[in-house]
Amino acid sequence: MSRALSLSLLFLLFAFASTVQAQEIPKYQVFVGPSYAYEDLTNIKNINGIGWHASLDGTANNWISAVFDFSGYYSSPKVKIPGLSTPVPIDSSTYLYLFGPRFTYRRWQRLTPFAEGLVGVADIRFTAASVGLTNAVSSTAFAAAFGGGADYSIKSWLAIRLIEADYVVTRSREIVVDSTTGQVGFSGQRRTQNNARASVGIVLRFGNR
């Protein structure tokens with residue numbers, strides 16, 4: 001092997017090593033930012049929800065952490081409710097309360113990709129003033145989220161969440177008119193809703209392991 005080739009290989013190894021330098025491991029991270037949800041709200045399809053997303057995670061080691069995840073989404077669609085002849089405008093809100101593990105790759109100096117699997121509950125609420133429903137009707141159901149994202153470090157204590165995207169599944173009842181009471185509510189058949197969410201924001205890091 002020639003001297004020039006040896007020097008070139010050493011240079012490439014040095015450059016690669018500096019690129020994949022391991023990051024410091026924070027004890028805790030707090031994320032907050034705006035979020036978008038593509039909601040399959042009971043028997044209502046293609047609802048676009050705008051809201052917020054926040055989470056707190058505590059690291060166990062350099063690759064796994066426990067995450068408490070909270071988000072809320074709001075929309076005002078017109079929906080066709082079984083039992084009513086015309087679509088009804090409603091104001092809906094969906095809140096997710098989730099917990100689970102996050103798996104993080106920290107071998108790059110600034111970019112930190114991660115994957116996660118979370119479970120918990122969804123609290124879905126709506127009002128429909130046009131049919132006299134001014135007090136919120138709510139449904140609490142099982143929820144889970146599976147996905148991941150990537151953070152970009154600015155400082156040791158600050159990062160930008162470039163993207164977090166999750167498939168979110170919920171198990172709520174259909175919105176229908178109750179045949180006994182005549183009230184609009186979550187009294188229909190329970191089924192699986194397939195949702196998605198995407199978020200960006202800032203990440204604050206505290207402490208080092």
Side-chain angles (χ1 to χ4, degrees), residues 16-41 45-75 92-124 141-172 192-209:
F16 181 75
S18 64
T19 301
V20 299
Q21 178 181 351
Q23 303 172 13
E24 293 182 342
I25 304 170
K27 286 185 177 180
Y28 305 101
Q29 291 191 145
V30 175
F31 161 71
V32 63
S35 188
Y36 163 80
Y38 183 83
E39 297 182 273
D40 173 14
L41 185 59
K45 299 290 185 179
N46 307 334
I47 302 301
N48 296 309
I50 302 298
W52 53 270
H53 188 180
S55 65
L56 167 66
D57 70 85
T59 56
N61 53 42
N62 68 338
W63 64 279
I64 190 170
S65 58
V67 181
F68 295 91
D69 184 282
F70 316 96
S71 57
Y73 302 95
Y74 312 94
S75 60
S92 74
S93 57
T94 302
Y95 300 95
L96 299 173
Y97 308 93
L98 305 171
F99 172 78
R102 175 177 290 163
F103 306 94
T104 304
Y105 185 78
R106 302 184 188 277
R107 292 300 299 171
W108 295 327
Q109 190 170 10
R110 291 192 178 274
L111 189 65
T112 311
F114 62 87
E116 62 190 8
L118 312 174
V119 296
V121 297
D123 181 15
I124 306 170
F142 169 81
F146 306 94
D151 298 338
Y152 186 82
S153 298
I154 304 299
K155 301 284 187 180
S156 61
W157 55 273
L158 175 66
I160 301 298
R161 182 145 299 172
L162 302 176
I163 186 65
E164 179 176 347
D166 297 295
Y167 162 69
V168 181
V169 57
T170 55
R171 286 279 296 169
S172 181
T192 298
Q193 294 88 39
N194 300 291
N195 315 280
R197 69 178 180 181
S199 310
V200 297
I202 61 171
V203 180
L204 301 177
R205 297 167 171 166
F206 303 92
N208 291 308
R209 288 206 174 276

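Everything numeric in this text was worked out from a predicted model, so none of it was measured.
In this structure the side chain of S35 reaches within 4.5 angstrom of the side chain of Y73, judged on heavy atoms. Side-chain contact between E39 and T94 is present, with at least one heavy-atom pair separated by less than 4.5 Å. Using a 4.5 Å cut-off on side-chain heavy atoms (C-beta onward), S153 and E24 make no contact. Side chains of N194 and Y167 form a contact here, defined as non-hydrogen atoms less than 4.5 Å apart. Residues D151 and L162 have side chains not in contact (no heavy-atom distance under 4.5 Å, counting atoms from C-beta outward). No side-chain heavy atom of S199 sits less than 4.5 Å from a side-chain heavy atom of W52. Under the 4.5 Å side-chain criterion, counting only non-hydrogen atoms from C-beta, R197 is not in contact with Y36. Under the 4.5 Å side-chain criterion, counting only non-hydrogen atoms from C-beta, E116 is in contact with E164.
The OG atom of S92 lies 6.5 Å from the CD1 atom of I47; values are rounded to the nearest 0.5 Å. The CG atom of D123 sits 5.5 Å away from atom OH of Y97, with the distance rounded to the nearest 0.5 Å. Atoms CH2 and CG, on W157 and N208 in that order, are 14.0 Å from each other to the nearest 0.5 Å. Here the straight-line distance linking atom CG of N61 with atom CD1 of I25 works out to 7.0 Å at 0.5 Å rounding. Annotation: the span from K27 atom NZ to S65 atom OG amounts to 15.0 Å, rounded to 0.5 Å. In this structure, OG in S71 is found 6.5 Å from CG in L98, a value given to the nearest 0.5 Å.
The two residues G117 and F146 come nearest to each other via the heavy atoms CA-CD2, 3.9 Å. The shortest non-hydrogen separation linking D166 to G148 is OD1-N, 3.8 Å.
Here Y74 and Y95 bring their ring centres to under 6.0 angstrom of each other. Checked against the 6.0 Å centroid criterion, the rings of Y28 and F206 do not qualify as a close aromatic pair.
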Worked check of side-chain hydrogen bond (donor to acceptor under 3.5 Å, both in side chains) between T59 and R102: CA-CA 9 Å; T59 56; R102 175 177 290 163; over 6 Å; no
Check against side-chain contact (heavy atoms from CB on, under 4.5 Å), F70 and L96: CA-CA 6 Å; F70 316 96; L96 299 173; over 6 Å; no
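Looking only at distances, a side-chain donor or acceptor of N195 sits under 3.5 Å from a matching main-chain atom of V168. Distance alone, capped at 3.5 Å, is enough to place a donor-acceptor pair between the Q193 side chain and the S172 backbone. Side chain of R106 to backbone of N62: a donor-acceptor contact under 3.5 angstrom is found.
Of the options V200, I202, V203, a side-chain contact (heavy atoms from CB on, under 4.5 Å) to I160 is made by I202 and by none of the others. Partner of W63 under the ring-ring contact (aromatic ring centres under 6.0 Å, His included) criterion, chosen from F103, F114, Y105: F103.
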